[in-house]
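A quick write-up on the structure given underneath.
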There are 2 protein chains.
Amino acid sequence: MRPSTLKKQQKIIEVATKLFFEQGYSETSLDQIIEVCGGSKQTLYSYFGCKRGLLIQVISCCTEEVGNVFQFDTDSDSSLSEQLTLFGYDYLRALCSQPIIDMYRIIVAEARRDKELVEFFLSRGPHRFYNRLSEFLQSKAQQRKIVLEDPALTSAQLMGLLRGNYFQDVVLGMDIPSDEEMMRYSVQAVRCFLQGYETKA
Amino acid sequence: MRPSTLKKQQKIIEVATKLFFEQGYSETSLDQIIEVCGGSKQTLYSYFGCKRGLLIQVISCCTEEVGNVFQFDTDSDSSLSEQLTLFGYDYLRALCSQPIIDMYRIIVAEARRDKELVEFFLSRGPHRFYNRLSEFLQSKAQQRKIVLEDPALTSAQLMGLLRGNYFQDVVLGMDIPSDEEMMRYSVQAVRCFLQGYETKA
DNA sequence: CACTTATCGTACTGTCCAGTACGGTACAGT
DNA sequence: ACTGTACCGTACTGGACAGTACGATAAGTG
């Protein structure tokens with residue numbers, strides 16, 4: 001393989017990501033991609049085989065980048081509530097970022113046709129996050145900070161609670177909430193998660 | 001307008017709903033619809049103007065049907081926990097039903113192009129539900145059953161909590177959970193909402 | 001420098017589909 | 001029965017686009 005080949009491949013993926021995300025997958029033609037980044041359609045086919053092959057590379061690269069965002073600060077001496085709140089904030093901010101929204105729309109649109117793509121996306125995205133949260137909660141349960149009978153179920157609850165209606169809304173085109181709003185919401189969500197709403201009568 | 005016209009329109013909407021939901025909107029051609037329900041393409045255009053016009057009618061009819069599912073049993077003498085659980089179960093079951101999943105996928109796929117369609121869908125679907133839940137919680141707060149500083153925020157929390165990861169998952173093609181599983185989850189979600197997870201130390 | 005191979009540019013094929021045109025036909029009301 | 005209008009069937013237009021073909025050219029290697 002020529003050394004320029006790798007550069008070229010990355011350039012194509014970069015441009016394809018931009019166009020797929022801005023316009024949608026089926027709304028973007030390969031001619032359009034070539035037009036922007038130069039080169040020949042034949043070359044593109046020799047790299048990726050078909051349009052779907054290119055999409056898989058795009059999703060692969062994008063999930064790679066995002067996946068490294070979440071890091072639990074298990075060592076820090078901040079309180080459980082603070083740790084969860086910060087975590088929730090990072091989560092919410094990532095979910096409500098333009099690239100994730102764009103990617104999610106594409107995955108949903110292709111979900112009916114392409115189960116494999118979905119599986120690929122889930123394993124590299126949401127499920128990784130889910131597992132990390134689940135482990136974190138278990139460690140906190142061992143420290144007797146929380147009551148945890150079913151880690152999987154509780155993690156799912158917390159994820160849903162943290163998302164609230166924000167993710168649904170932004171996916172459907174509502175304005176992305178400000179960082180302050182997401183932080184405020186995260187604080188409240190964690191409070192609910194830990195304490196609940198029932199009156200202590 | 002001829003009496004048969006209305007029948008014909010409904011028949012077209014019915015067939016279009018089926019095909020749009022099964023195959024996707026942009027994957028379904030108008031010729032295909034005509035082929036199934038008979039008649040002429042010209043007639044279809046005279047009724048709905050264009051393909052998007054037909055889609056709007058489809059969404060309109062479908063949201064109409066679904067919107068009438070949720071009813072709060074405000075009169076019943078069951079406990080708050082029971083009422084919320086039942087409500088959550090109905091909500092989850094509706095969200096994870098095939099028609100809603102299919103419709104949601106279409107809306108997401110069209111969201112980038114068609115803000116108006118999204119607005120239409122939101123106002124007739126999720127927002128109606130959201131408002132009803134918010135009112136219910138407020139009535140319970142007046143009865144001193146729960147602490148409620150911010151009804152809007154708290155409703156969003158509860159909705160997210162009730163959805164957990166189920167809705168995301170089924171939209172991406174995972175198997176629809178059984179009624180028993182959804183009921184179990186709803187019970188736990190409401191428990192979390194009311195009591196939280198923190199250890200009472 | 002010579003030679004191989006990756007890449008380029010352009011043109012082409014086959015297909016799909018939204019929307020239109022138009023002549024013919026069934027069905028209302030009178 | 002008469003007449004206008006709603007509907008039917010079929011064929012067509014125009015455009016988009018995935019994937020292919022192929023001769024020309026440039027980039028690497030010996």
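Chain letters run A, B, ... following the sequence lines, proteins first and then strands; every chain starts at 1. Every value quoted in this text rests on a predicted model; they were computed, and no experiment measured them.
In the displayed structure, A:Arg124 atom CZ is contacted under 6.0 Å by more than 12 heavy atoms of other residues, nucleotides or ligands. Atom CD of B:Glu35 sits in a sparse spot, with 12 or fewer heavy atoms from other residues, nucleotides or ligands closer than 6.0 Å. By the neighbour-count criterion of 12 heavy atoms within 6.0 Å, atom NZ of B:Lys115 is densely surrounded, having more than that number from other residues, nucleotides or ligands. More than 12 heavy atoms of other residues, nucleotides or ligands shown are found within 6.0 angstrom of NZ on B:Lys51.
What separates CG of B:Leu19 from C1' of C:dC17 is a distance of 15 Å, to the nearest Å. Distance CG (A:Leu44) to P (C:dA6): 16 Å, rounded to an integer number of Å. In this entry the distance linking NZ of A:Lys7 with C1' of C:dA6 reads 18 Å, nearest Å. Rounded to an integer number of Å, the gap from B:Gln42 CD to C:dG24 C1' is 14 Å.
Of the candidate nucleotides D:dA21, C:dT20, D:dC7, D:dC7 has the atom nearest to the side chain of B:Ser46. Nearest nucleotide to the A:Lys8 side chain, out of C:dT20, C:dC8, D:dG19: C:dC8. Looking at the side chain of A:Lys41, the nearest of the listed nucleotides C:dT7, D:dT20, C:dC8 is D:dT20.
For the OP1/OP2 pair of C:dT7 and a distance below 4.0 Å, the side-chain nitrogens and oxygens of A:Ser4 include no atom meeting the criterion.
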Next on the checklist: Does B:Tyr104 form a ring pair (Phe, Tyr, Trp, His ring centres under 6.0 Å) with B:Phe167? I'd like the steps, not just the answer.
Outcome noted: CA-CA 10 Å; B:Tyr104 179 76; B:Phe167 184 59; 4.9 Å; yes
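Within residues 47-58 of chain B, the residues that place at least one heavy atom under 4.0 Å from DNA chain D are, in residue-number order, B:Tyr47. Within residues 22-40 of chain A, the residues approaching DNA chain D are A:Thr28, A:Ser29, A:Leu30, by heavy-atom distance under 4.0 Å.
Two residues are said to be in side-chain contact when any heavy atoms from C-beta on lie closer than 4.5 Å; B:Val190 and B:Glu82 fail this criterion. Counting heavy atoms from C-beta outward, A:Val170 and A:Pro177 have side chains that approach closer than 4.5 Å.
Using the six-membered ring where Trp is involved, A:Phe129 and A:Tyr91 have ring planes that are parallel, under 30° apart on the 30 and 60° scheme.
Side-chain atoms of A:Tyr197 and B:Gln157 form a donor-acceptor pair, as typed in the model, at a separation below 3.5 Å.
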